[in-house]
Amino acid sequence: MTIQEFDSIVGSARDAFAKAGTPAELENAKAQFVGKSGRITELMKGLAALSVEEKKTRGAAINQAKQAIEAALAERRQALADAELEAQLKAEALDVSLPGRVREPGGLHPVSLTMERIELIFASMGFDVADGPEVESDWHSFTSLNNPPNHPARSMQDTFYVDLNGDDGIPYNLRPHTSPMQVRYAHQHIKRYAEAVKRGEPMPEIRVIAPGRTYRVDSDATHSPMFHQCEGLWLGENVSFKDLKVVFTDFCRTFFESDDLALRFRPSFFPFTEPSAEIDIQFQSGPLAGRWLEVAGSGQVHPTVVRNMGLDPEKHIGFAFGMGPDRLTMLRYGVNDLRLFFDGDIRFLRQFR
Ligand code: PHE
């Protein structure tokens, strides 16, 4: 075999390697030359029959060809690996000039901020904070509040009903106000009151607020089918309308951070209070100055309601109120459409962060 013949084997190995487009194809091509029965391997096997002298020269030539093929193989392997990396980098291209993805700090919803504020202010006046069910029985939502079935006052609220009847056969409702919490809270604590009385202690006062979600069939710029209320209840032996006025005035002035604020009690009607009043506030300065704004319903708790609490209306006298935290939030921040609170638009919400 001549040098040229060795060269042509090396040459055809190079060609075969160059044609291999993938690592697998390259390994196949390699087998044809330096594999178990590859051309070089076969030549090596042929050496056995030769003389020592011939083995030397021919062996050296074969080795040279083998080394050249292996070098070509290594080179092609590297080239394929480089190409693969290149393709991968292209596919996963990173545009380093793009701005990074910032994790923005979250914040509380404006109505949640108001709820927290309300709870803090009333807690500082010795009020407990209670929570209750949003799917409520007819008895708690209406009847216990001196508003029996077929009473005309029931039509004051367009209530959502649930496809499930209570023990009384009347469907549950999505509570249209937080007032059911008045009787619920009293019942939850009635044992504690009875025990105190048994020990000869004076009957503990009920002083509680109950904030939460409420529901009515109502929807426009100032009404949402889901909205918020906060109930207040203060019952004791000697709690009067005067106390309501003091507590609510204090609350409003603290909430709006303004002593420049007037309150007005306007006669109204609720089945569960007698007498009843709407509470209006008036700012003396600022963009809303001079207008009377309704913020709550209120009144002296009706004896029937006190009786339904399991208490004696001769001994437990006091007031209740129900205010609208959504409205308070609108007034505090100057928001003019209630629906903005429930749309979830981040551009609106991030202003309160
Ligand atoms: N529950 C009444 C309403 O939703 C408000 C209210 C609460 C009035 C407590 C008086 C006493 O309109």
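Order of listing sets the numbers, starting from 1, for every ligand and every atom in it.
Here the straight-line distance linking atom CZ of Phe122 with atom CD1 of Ile209 works out to 6.5 Å at 0.5 Å rounding. For the atom pair CZ of Phe255 and CD1 of Ile118, the computed distance is 5.5 Å after rounding to the nearest 0.5 Å. Atom OG1 in Thr304 sits 10.5 Å away from atom CD in Glu274 (nearest 0.5 Å). Here the CD atom belonging to Glu42 is positioned 6.0 Å from the OG atom belonging to Ser37, to the nearest 0.5 angstrom.
Counting heavy atoms under 4.0 Å from ligand 1, residue Phe321 touches it through the backbone alone. At a heavy-atom distance under 4.0 Å, no atom of Met323 approaches ligand 1.
The shortest contact between atom 7 (C) of ligand 1 and any protein heavy atom is with Gly322 N, 3.3 Å. At the top of the distance list for atom 12 (O) of ligand 1, counting protein heavy atoms only, stands Phe270 CE2, 3.6 Å.
Looking at Ser179, Cys230, Ser141, it is Ser179 that brings a heavy atom closest to atom 1 (N) of ligand 1.
Below 3.5 Å of separation, one finds no N or O of Thr273 facing any N or O of ligand 1. Not one N or O of Ser298 is nearer than 3.5 Å to an N or O of ligand 1, by distance alone. Considering both main-chain and side-chain atoms, Glu231 never comes within under 3.5 Å of ligand 1 through any nitrogen or oxygen pair. For Gln182, no nitrogen or oxygen atom sits less than 3.5 Å from a nitrogen or oxygen atom of ligand 1, counting backbone and side chain alike.
With 3.5 Å as the limit, one finds a donor-acceptor pair spanning the side chains of Tyr215 and Glu134.
Residues Phe160 and Val135 share a hydrophobic cluster, clusters being chains of Ile/Leu/Val/Met/Phe/Trp/Tyr side chains in contact below 4.5 Å.
Against a heavy-atom cut-off of under 4.0 Å, Ala320 is close to the following atoms of ligand 1: 9 (C), 11 (C). Atoms of ligand 1 found under 4.0 Å from any heavy atom of Arg216, numbered from 1 in the order shown, are 3 (C), 4 (O), 12 (O). Contact atoms of ligand 1 toward Gln229: 3 (C), 4 (O) (distance under 4.0 Å to a heavy atom of the residue). Taking a cut-off of under 4.0 Å to the non-hydrogen atoms of Phe272, the atoms of ligand 1 that pass are 1 (N), 2 (C), 6 (C), 7 (C), 8 (C), 9 (C), 10 (C), 11 (C).
Salt bridge status for Arg347 with Asp345: present, with a side-chain N to carboxylate O gap under 4.0 Å.
Residue His302 places no heavy atom under 4.0 Å from ligand 1.
Looking only at side-chain heavy atoms (C-beta outward), Leu235 and Ile317 stay at 4.5 Å or farther from each other.
The salt bridge (charged side-chain N to carboxylate O under 4.0 Å, His left out) test with Glu294 singles out one residue from Arg327, Arg264, Arg266, and that residue is Arg266.
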